[in-house]
Novice: 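Here you go, one structure.
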Amino acid sequence: DVQLQAYGGGLVQAGGSLRLSCAASGFTFDDYAIGWFRQAPGKEREGVSCISNRDGSIYYADSMKGRFTISSDNAKNTVYLQMNKLKREDTAAYYCAADEGLCSRWYHSTLYDGIDAWGKGTQVTVSS
């Protein structure tokens, strides 16, 4: 069975940092793009970041560029999202997801439902 286990959420002050981890199992890690979506109360789900283990390509949503860094450890089948300079508007439930191949489905909300696998969310709360 495909499993995605997210870790690392929590409460942090604005300007602080958190690192999320997504441990994957049940599929060929090197063939998949793995990344993060988030959803805040009352807001639409949005793609945050993705890394393709197939070709190394990376996606960041515009509002995360320069603040978030995604990386992949193929030996541990784990993807990390380092989040720096956190803002109150980053408060959301963050979901790890995996899709075979590239990060294409992260680019537009109409493609999200085609994602192959989703993990449970981890809450990130940024206080002022």
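All values derive from a computational prediction rather than experimental measurement.
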Novice: Kindly check if the number of other-residue, nucleotide or ligand heavy atoms within 6.0 Å of CD (Q3) is above 12?
Specialist: no

Novice: Side-chain heavy atoms nearer than 4.5 Å, only ILVMFWY residues, links allowed to pass through others: does that put V48 and I115 together?
Specialist: no

Novice: Going only through I, L, V, M, F, W and Y residues with side-chain contacts under 4.5 Å, is there a path from Y60 to L102?
Specialist: no

Novice: Is there a continuous path of hydrophobic side-chain contacts, each under 4.5 Å between heavy atoms, that joins I34 to Y95?
Specialist: no

Novice: How would you list, by chain and number, every residue that makes a salt bridge (charged side-chain N to carboxylate O under 4.0 Å, His left out) with R67, sequence neighbours excluded?
Specialist: D90

Novice: Can you give the donor-acceptor pairs under 3.5 Å from side chains of residues 68-75 to other protein atoms, not counting sequence neighbours?
Specialist:
residue: S72; atom: OG; partner: N53; partner atom: OD1; Å: 2.6
residue: S72; atom: OG; partner: N74; partner atom: OD1; Å: 3.2
residue: D73; atom: OD1; partner: A75; partner atom: N; Å: 3.0
residue: D73; atom: OD1; partner: K76; partner atom: N; Å: 3.3
residue: N74; atom: ND2; partner: D30; partner atom: OD1; Å: 2.6

Novice: Atom CD of E46 and atom CD of Q39: how far apart are they, to the nearest 0.5 Å?
Specialist: 9.5 Å

Novice: For residues 2-54, which residue pairs pass the ring-ring contact (aromatic ring centres under 6.0 Å, His included) check, not counting sequence neighbours?
Specialist: F27-Y32, F37-W106, F37-Y112, F37-W118

Novice: Can you check whether Y59's main-chain N or O pairs, donor with acceptor, with S49's side chain at less than 3.5 Å?
Specialist: yes

Novice: List the atom pairs, donor and acceptor, that lie under 3.5 Å between side-chain atoms in residues 121-128 and the rest of the protein, sequence neighbours left out.
Specialist:
residue: T122; atom: OG1; partner: G9; partner atom: N; Å: 3.2
residue: Q123; atom: NE2; partner: A92; partner atom: O; Å: 3.4
residue: Q123; atom: NE2; partner: T125; partner atom: OG1; Å: 3.4

Novice: From S63 OG over to K87 NZ, what is the distance, rounded to the nearest 0.5 angstrom?
Specialist: 7.5 Å

Novice: Kindly indicate, with the supporting measurements, whether the criterion side chain to side chain contact (heavy atoms under 4.5 Å, CB included) is fulfilled by Q82 and S17.
Specialist: CA-CA 7 Å; Q82 178 67 42; S17 299; 3.8 Å; yes

Novice: Return the set of residues passing salt bridge (charged side-chain N to carboxylate O under 4.0 Å, His left out) with D99 (not counting sequence neighbours), or none when no residue passes.
Specialist: R105

Novice: What's the spacing between T28 OG1 and R54 CZ if we round to 0.5 Å?
Specialist: 10.0 Å

Novice: Side chain of D116, backbone of E100: donor and acceptor closer than 3.5 Å?
Specialist: yes

Novice: At their closest point, which heavy atom of L111 faces which heavy atom of S104, and how far apart are they?
Specialist: CD1-O, 3.6 Å

Novice: Search all heavy atoms of A117 against all heavy atoms of L4 and return the closest pair with its distance.
Specialist: O-CD1, 3.6 Å

Novice: Write down the atom of V12, the atom of G16, and the distance for their closest heavy-atom approach.
Specialist: CG2-CA, 3.9 Å

Novice: Nearest 0.5 Å, what's the SG-NZ distance between C96 and K120?
Specialist: 13.5 Å

Novice: Which pairs with one or both residues in residues 97-128 pass disulfide bond (SG atoms under 2.5 Å apart), sequence neighbours excluded?
Specialist: C50-C103

